[in-house]
Engineer: 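Okay, here's the structure, questions in a sec.
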There are 2 protein chains.
Amino acid sequence: MITISKNNRQIIHDILKCLPIFSDLFDEQLNKISAICKIQDFQKNDTIFLEGDYYKGFFIIIEGSIKIFKISVDGKESILHLLKPYESFGDVPLFEGAKYPVNAQALNDASLIFIPKEEFITLIKSNSTICFNMLVGFAKKMRHLTQKVEELSSKEVMNRFAGYLLDEINKAGTDKLPEPFLRITISKKNIAAYIGTITDTLSRLLKKLQDEKIIRVSGKSIFILDLKKLKALAR
Amino acid sequence: MITISKNNRQIIHDILKCLPIFSDLFDEQLNKISAICKIQDFQKNDTIFLEGDYYKGFFIIIEGSIKIFKISVDGKESILHLLKPYESFGDVPLFEGAKYPVNAQALNDASLIFIPKEEFITLIKSNSTICFNMLVGFAKKMRHLTQKVEELSSKEVMNRFAGYLLDEINKAGTDKLPEPFLRITISKKNIAAYIGTITDTLSRLLKKLQDEKIIRVSGKSIFILDLKKLKALAR
DNA sequence: AACATCCTTTGACTTAAGTCGGATTTGTCA
DNA sequence: TGACAAATCCGACTTAAGTCAAAGGATGTT
C-alpha cells in the first residue's frame, strides 16, 4: 500500500477527475473526496474482501481487473462481475446491509482507490451530482445482472458461451474485422464460473465450436471464423 | 385512469409522503413531485409496458402487485421481480438506455403512480435526498438479483423452491408459528417462472414435498410441517 | 533442471429436469 | 347450469450437462 503524501494527494485528485462517478464535480468537491480516500495496491490472486467481512467501504479500479463472486455451500463459485478500470465495486452495502455480500479478488496486479464508508456517506448526502453518477453506475450493473438472470434461466450453456464470446470481441474492438478475435486473459475456470458452468463442460464447448469451424484457437487467442453462426448460437 | 383534480393532488401528496423513495423531503419538495406525477389504474393482467417500448418514465406501486419479466427468443418467461406496494419499477432506464429493458404486468388490479422521465431527472439532479433514497432502492434490487444469479448458477430447482417458500412465510409473518404457512396468490406458472423452471417440474416438487411430509397443501394455502427439513433443502 | 502444483482435456457414466401427449381439474362467463 | 378455456398434473421419454477418474500440459519455485 502506498503511503499518502502531499504529492500523492495531487495524483489521487487527478485520477478522481477521470472517474465517471466523480465527473462534473468542482475542484473543491474533488479535494474533499481525495482527502478521505487511499490508494491500495494488490497482487494477482489477492483477496480484497470476503463475503461476510465487516463493511468498511468501497473501491474503484485504477488498474487491473477484479472478480466479484459468490461461493455456494457446496463450494461452487459463481462470478457475478468481471470488472475493469474506472468501475467501482463493493458500493451496494453503502446503502444496504453492514457486511460485504460477495467476495472480491484481484485477477492480476491491481491498483485501487479505497473510499471509507462513513466519510463518504456524509459527503454524498448533500451532493446530488455524485449520487446521480452512482445511480448511473448502479443502473449499468442492474442491467448486467438482469441479463445474467434471464440467460441463466432460459438459455443453455452453449448460448451463454456464444454470448460471452460476442461480448468479448466487442470489448476488444475486433468485431468489425474479417476475422474477429479475443485474447483469453483469465483462466478457463473463471470463464466457466462466469457463464455458469464448469471447466469440463467449457472444454467440450470449445471443442465443438472448433469441430464445426465456428472458431479457431491459437494459443491464448480465439478467432471467430463464422460470426453469423456464432450470433445464431447466442440467439 | 383517474383525472387529476386539486383534491386528487392532495391525495397524491399524502401518498408520496409515505414512500421510501420520497422520505425525508420537505413539503415544498413533495409538492414539486406531486405536480408532475399521475395516478394510473390497471386491471389484472394489464400490460404496463413491454420490453423495447420507448421509455417514458417509471412507476411506484400504491396497490396491487406487479411482475417484471423477460421473454426469451423461444418464448420462455423468466420473472425478475415480483413487486408489492411502495416499491418502484422501470427506474433503471432513467439512467441507462432509452427503452424499457423488461416487461411489466399487473398481477391483480393495481394503482400506480407514474412519474415522467424528463421532469423527474431535472428535479433530482439537484436533490440529493431523492437520489440517496433511490440508491437505497437500487441497492436492494441489486442484492435480490445477485442472489438470483447465485441460486440459478449453483443450486438445483428444489433448493430454489425451498428458498422461495421460506421467503414467502417470512413475508407473510407466519415463520414463528408452530405451523408456518403461506397463501398462493399467483399462478403456479408465475411461481415456476420466478424460480427458473416450468409448471410441470414445480408440480412434481410440490408432490415430492408432500410425500415427504415437509409441507401440507390445503386449497390455496401451503403449510410447512417440517421447517427444519425445508431449511436444509434451501441450504 | 526437477519438482510440485495447478490447469485443462477427455471418456464413461449418471441424473436432474425439460419435452411431449394426454387426462383432470378449475375458473369464467354467457 | 353448461361448456369452453385455462391451469394443473402425471407418466413416458429424452437430453443437456454435471460427476468422477485419469491423463496430459503448463507454470512457477527452489
Side-chain angles (χ1 to χ4, degrees), chain A residues 43-46 67 72-79 105 107-109 151-164 183-212 215 217-222 233 235, chain B residues 43-45 67 72-79 105 107-109 151-164 183-212 215 217-222 233-235:
Chain A
Q43 293 193 307
K44 184 174 174 172
N45 295 328
D46 276 357
K67 143 172 124 176
S72 69
V73 269
D74 50 334
K76 233 183 269 175
E77 172 183 308
S78 32
I79 299 181
Q105 187 187 13
L107 287 180
N108 36 45
D109 292 358
E151 285 182 354
L152 285 167
S153 45
S154 69
K155 291 184 181 179
E156 307 192 334
V157 183
M158 180 58 101
N159 308 131
R160 304 199 296 264
F161 182 49
Y164 170 80
R183 312 213 86 240
I184 304 285
T185 55
I186 59 177
S187 69
K188 300 228 168 109
K189 209 172 151 187
N190 278 330
I191 297 178
Y194 185 64
I195 61 171
T197 186
I198 54 174
T199 50
D200 308 35
T201 299
L202 178 59
S203 183
R204 286 179 189 119
L205 295 180
L206 276 165
K207 199 178 175 218
K208 200 173 175 202
L209 288 177
Q210 287 178 86
D211 288 349
E212 294 178 8
I215 65 170
V217 178
S218 165
K220 291 272 173 214
S221 296
I222 298 179
L233 277 178
R235 293 190 304 177
Chain B
Q43 292 192 308
K44 182 172 177 175
N45 294 328
K67 140 173 124 175
S72 70
V73 269
D74 50 333
K76 231 182 268 174
E77 171 182 309
S78 32
I79 298 181
Q105 186 186 15
L107 287 179
N108 35 44
D109 291 359
E151 286 182 354
L152 285 168
S153 45
S154 69
K155 292 184 180 177
E156 306 191 336
V157 183
M158 181 58 102
N159 308 131
R160 304 200 297 267
F161 182 49
Y164 170 80
R183 313 213 86 238
I184 305 283
T185 56
I186 59 177
S187 69
K188 300 226 167 107
K189 207 173 154 188
N190 278 329
I191 297 178
Y194 186 65
I195 62 172
T197 187
I198 53 174
T199 49
D200 307 36
T201 300
L202 178 59
S203 181
R204 285 177 190 120
L205 295 180
L206 276 165
K207 200 180 173 215
K208 199 171 175 202
L209 288 177
Q210 287 178 85
D211 287 351
E212 293 177 8
I215 65 170
V217 178
S218 165
K220 291 274 170 212
S221 295
I222 298 178
L233 276 178
R235 293 192 305 177

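Lettering follows sequence order; numbering is per chain, from 1.
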Engineer: Could you check A/K220 against B/S203 and say which one's nearest nucleotide on DNA chain D is further toward the 5' end?
Structural biologist: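 Closer to the 5' end of DNA chain D: B/S203.
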Engineer: Hey, which of these two, B/K44 or B/G196, hits DNA chain C nearer its 5' end, going by closest nucleotide?
Structural biologist: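 The 5'-side residue here is B/G196.
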Engineer: Looking only at heavy atoms, what is the nearest atom pair of A/E151 and A/R160, with distance?
Structural biologist: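 Heavy-atom minimum between the residues: O-CD, 3.8 Å.
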Engineer: Out of A/N190, A/I79, A/D46, A/N45, which one pairs with A/Q105 under the side-chain contact (heavy atoms from CB on, under 4.5 Å) rule?
Structural biologist: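 Between A/Q105 and the candidates, side-chain contact (heavy atoms from CB on, under 4.5 Å) is satisfied uniquely by A/N45.
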Engineer: At less than 4.0 Å, is any side-chain N or O atom of A/T199 found next to OP1 or OP2 of C/dC7? Yes or no.
Structural biologist: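 For A/T199, the contact criterion (side-chain N or O under 4.0 Å from OP1 or OP2 of C/dC7) is not met.
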Engineer: Give the rounded distance in Å between these two atoms: CG of A/N45 and P of C/dT5.
Structural biologist: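 One finds 17 Å between P of C/dT5 and CG of A/N45, rounded.
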Engineer: Starting at atom CG of B/N108, determine the distance to atom P of C/dG27, rounded to an integer number of angstrom.
Structural biologist: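 Atom CG in B/N108 sits about 16 Å away from atom P in C/dG27.
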Engineer: Report the distance from atom NZ of A/K208 to atom C1' of C/dG11, rounded to the nearest whole Å.
Structural biologist: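 For the pair A/K208 NZ and C/dG11 C1', the rounded distance is 17 Å.
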Engineer: I'd like to know if the side chain of A/N108 reaches the main chain of A/K44, judged simply by a donor and an acceptor atom lying under 3.5 Å from each other, with no hydrogens or angles considered.
Structural biologist: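 A pair under 3.5 Å: no.
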Engineer: For a 4.5 angstrom cut-off between non-hydrogen side-chain atoms, does A/L202 reach A/V157?
Structural biologist: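 They are not in side-chain contact.
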Engineer: Using chain B heavy atoms and a threshold of under 4.0 Å, write down where along DNA chain D the contacts begin and end, 5' to 3'.
Structural biologist: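 The footprint of chain B covers D/dT8 to D/dA12.
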Engineer: What is the distance, to the nearest angstrom, from the CD1 atom on A/I198 to the P atom on C/dT9?
Structural biologist: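 Whole-Å distance recorded here is 13 Å.
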Engineer: Quick check: do A/L209 and A/L233 have side-chain heavy atoms less than 4.5 Å from each other?
Structural biologist: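 In short, these two side chains touch, coming nearer than 4.5 Å.
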Engineer: If you take all heavy atoms of B/G196 and B/L152, which pair is closest and at what distance?
Structural biologist: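 Looking at all heavy atoms of both residues, the shortest contact is CA-CD2, 4.3 Å.
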Engineer: To the nearest Å, how far apart are B/K189 NZ and C/dG27 P?
Structural biologist: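 In whole Å, C/dG27 P and B/K189 NZ are 17 Å from each other.
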